[in-house]
S.K.: 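Here's a structure for you.
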Amino acid sequence: MEKMLIEGGRPLKGTVTVSGAKNAALPAIAACLLTGGWHSIKDVPRLKDIQTIKSIMTKMGVIFKEEDGVLRINSDEIKEHVAPYDLVRTMRASILLLGPLVARLGRASISMPGGCAIGARPVDLHLKALAAMGVEMFLDKGYINAKVDNLRGADIFFDIPTVTGTENIMMAAVGAKGKTVLRNSAKEPEVSDLARMLRSMGARIEGDGTDTIVIEGNQDLHPAEGHTLVPDRIESGTFMIASAITGGEIMIDGCRYEHLASVIEKLQAAGARIEKREKGLFVAGPRVIQSVDIETMPFPGFPTDLQAQFMALMCVANGSSIIRETVFENRFIHVSELKRMGADISIHGNQAIVRGRDHLLAAPVMATDLRASASLILAGLEARGGTTEVRRVYHLDRGYEALEKKFQSLGARIWRVPG
Ligand code: UD1
């Protein structure tokens with residue numbers, strides 16, 4: 001196992017480039033199951049989660065090649081339609097294979113994702129939608145076995161706008177006979193990125209980015225050629241908060257204003273100076289961070305995937321802030337670790353009250369999930385009084401590409417060491 005050592009208290013300075021979005025890469029790679037031939041995707045980040053989906057698909061017979069930063073994927077032959085427990089348990093997003101497999105083969109067997117550190121996270125809405133499209137499913141030995149001979153379009157209403165649910169059903173609908181209408185669908189930029197890729201493969205999709213998506217299924221599909229993934233807005237937001245918490249001045253290349261409007265508004269209220277530049281955003285941290293309340297929401301609201309990082313910022317703000325988590329239950333597990341660094345936080349149901357203090361204190365802490373680990377790194381970059389040790393950084397490697405190297409290039413004192 002590895003850990004991160006951080007000596008905090010240095011303002012970040014310089015330019016950093018954001019990688020392609022993990023949450024766009026996963027559905028894009030899954031979408032290559034829809035039709036044979038060589039697909040190519042650009043800007044795929046090197047992450048553990050990407051490795052996991054590649055491993056599952058390799059077992060199915062899919063071939064991956066990487067050339068000059070382009071991932072080439074061939075699914076001419078799908079020998080198996082099983083996503084095994086050992087791999088699915090490490091990444092819930094493996095459920096994204098269900099839609100395209102059902103569309104291509106009319107068969108799929110996916111290990112049922114279990115609970116995870118940030119809550120129960122059911123997949124009932126994915127399954128309900130597939131059932132409406134004529135898919136028969138039964139649970140056997142922990143696997144969702146799906147079978148359909150005549151996949152048909154349907155009018156589907158999602159009780160909650162689900163991101164991977166919308167993506168999964170969009171992919172299934174591409175292979176279905178007739179029209180599918182998805183209502184109350186997720187509006188996240190990663191959903192639109194998948195729609196853009198599917199359109200480049202010949203699919204007919206309209207309305208992505210709104211809450212009603214219409215898919216005209218059963219078109220002739222061809223491989224996606226050179227699909228360039230949207231930049232990672234969560235990585236961008238993490239760097240923005242890092243600049244704010246260290247009083248830094250950094251340029252974030254690839255950071256898209258329109259994908260982070262809610263975060264920008266909150267960071268400005270906290271005192272950060274943010275300027276739109278040709279290649280991305282410039283973020284200067286304030287001398288004194290002001291406290292701001294946030295509430296997580298589906299896009300375009302404040303993303304739950306940046307809640308933990310924003311909380312680290314509020315730990316050193318002037319005054320108290322209220323942070324409400326409305327998307328996932330149990331998404332405050334970073335709180336007890338932040339408290340080890342001197343943070344003053346109390347939790348009341350889905351609300352955390354954070355009372356700011358001058359500085360955090362360096363301490364050994366343990367990462368518990370992907371975004372929680374990012375918040376501990378940010379806390380470490382601010383902390384005074386020695387070296388912060390963040391253990392279990394494998395959580396971080398699921399979703400951030402070479403994060404310590406990027407922070408080092410901005411002048412941070414951060415090292416990855418065994419232990
Ligand atoms: C995706 C993102 C994740 C992000 C989340 C919310 C990927 C790979 N992951 O996760 O990083 O934190 O969106 O922005 O893109 N729900 C149900 N039943 C379902 C599906 C979802 O009740 O069948 C609920 C969830 O428990 C949660 C809410 O809907 O409360 C939203 O979850 P969802 O958008 O599905 O999250 P993911 O797609 O798993």
S.K.: Of all heavy-atom pairs between A24 and D193, which one has the smallest distance, and what is that distance?
M.R.: CB-OD2, 3.6 Å
S.K.: Which heavy atom in P45 sits nearest to a heavy atom in S19, and how many Å separate them?
M.R.: CB-CB, 4.2 Å
S.K.: Walk me through whether H259 and E188 qualify under side-chain hydrogen bond (donor to acceptor under 3.5 Å, both in side chains).
M.R.: CA-CA 8 Å; H259 291 172; E188 269 66 2; over 6 Å; no
S.K.: Indicate yes or no: does D305 engage R331 in a salt bridge with an N to O separation below 4.0 Å.
M.R.: yes
S.K.: Walk me through whether E382 and T246 qualify under side-chain hydrogen bond (donor to acceptor under 3.5 Å, both in side chains).
M.R.: CA-CA 6 Å; E382 200 285 330; T246 62; over 6 Å; no
S.K.: So R104 and S75, side-chain hydrogen bond (donor to acceptor under 3.5 Å, both in side chains) or not? Walk me through it.
M.R.: CA-CA 11 Å; R104 173 91 176 265; S75 70; 3.2 Å; yes
S.K.: Is a donor on one side and an acceptor on the other found under 3.5 Å between the side chain of K339 and the backbone of I345?
M.R.: yes
S.K.: With the threshold set at 4.0 Å, does a side-chain nitrogen-carboxylate oxygen contact exist between D49 and K54?
M.R.: no
S.K.: Which pair of non-hydrogen atoms, one from M314 and one from Q290, has the smallest distance, and what is that distance?
M.R.: CE-O, 3.6 Å
S.K.: Would you say the ring centers of Y143 and Y85 fall short of 6.0 Å from each other?
M.R.: no
S.K.: Can we say E206 and R204 salt-bridge, meaning some charged N sits less than 4.0 Å from an Asp/Glu carboxylate O?
M.R.: no
S.K.: Please report the C-alpha distance between K128 and D159 in whole Å, then the side-chain angles of each, then the deciding distance to 0.1 Å, and finally whether the salt bridge (Lys or Arg N to Asp or Glu O under 4.0 Å) criterion is met.
M.R.: CA-CA 10 Å; K128 214 171 112 187; D159 289 342; 3.4 Å; yes
S.K.: Within a 6.0 Å radius of atom CG on D140, are there more than 12 heavy atoms belonging to other residues, nucleotides or ligands?
M.R.: yes
S.K.: Return the minimal non-hydrogen interatomic distance between L396 and A374, and the atom names on each side.
M.R.: CD1-N, 3.7 Å
S.K.: Taking everything shown except E225 itself, do over 12 heavy atoms lie less than 6.0 Å from its CD?
M.R.: no
S.K.: On the six-membered ring of F157, is R183 placed so that its NZ or CZ lies under 6.0 angstrom from the centre and within 45° of the ring axis?
M.R.: no
S.K.: Charged N to carboxylate O below 4.0 Å: is that the case for E190 and R233?
M.R.: yes
S.K.: S320 side chain to R355 main-chain N or O, any donor-acceptor pair under 3.5 Å?
M.R.: no
S.K.: Are any side-chain N or O atoms of S243 and backbone N or O atoms of V283, one a donor and one an acceptor, separated by less than 3.5 Å?
M.R.: yes
S.K.: Which distance, rounded to the nearest 0.5 Å, do you find between the CZ of R89 and the OG of S111?
M.R.: 9.5 Å
S.K.: Between E235 and K406, does any side-chain N to carboxylate O distance fall below 4.0 Å?
M.R.: yes
S.K.: Report the C-alpha distance between N168 and H126 in whole Å, list the side-chain angles of each, state the deciding distance to 0.1 Å, and finish with yes or no for side-chain hydrogen bond (donor to acceptor under 3.5 Å, both in side chains).
M.R.: CA-CA 7 Å; N168 223 350; H126 302 230; 3.1 Å; yes
S.K.: Filter on ring pair (Phe, Tyr, Trp, His ring centres under 6.0 Å), then keep only pairs touching residues 17-71, sequence neighbours left out; what's left?
M.R.: none
S.K.: Main chain of T296, side chain of T326: is a donor-acceptor contact present, judged purely on distance under 3.5 Å?
M.R.: yes
S.K.: Closer than 4.0 angstrom, basic N to acidic O: yes or no for K48 and D397?
M.R.: no
S.K.: Report the residues that fulfil side-chain hydrogen bond (donor to acceptor under 3.5 Å, both in side chains) with E2, sequence neighbours left out, ordered by chain and then residue number.
M.R.: R416
S.K.: CD of E66: more than 12 outside heavy atoms within 6.0 angstrom?
M.R.: yes
S.K.: F407: which residues meet the ring-ring contact (aromatic ring centres under 6.0 Å, His included) condition with it, sequence neighbours left out?
M.R.: F239
S.K.: Give a yes/no verdict on a cation-pi contact between K276 and Y257, requiring under 6.0 Å between NZ or CZ and the six-membered ring centre and an angle within 45° of the axis.
M.R.: yes
S.K.: Quick check on E67: does its CD atom have over 12 non-hydrogen neighbours (other residues, nucleotides or ligands) under 6.0 Å away?
M.R.: yes
S.K.: Determine the minimum heavy-atom distance between P286 and A244, stating which atoms define it.
M.R.: CD-O, 3.8 Å
S.K.: Of all heavy-atom pairs between G134 and V148, which one has the smallest distance, and what is that distance?
M.R.: O-CG2, 3.4 Å
S.K.: Salt bridge (Lys or Arg N to Asp or Glu O under 4.0 Å), that's the test. Do E80 and K59 meet it? Break it down for me.
M.R.: CA-CA 7 Å; E80 251 194 56; K59 273 179 184 292; over 6 Å; no
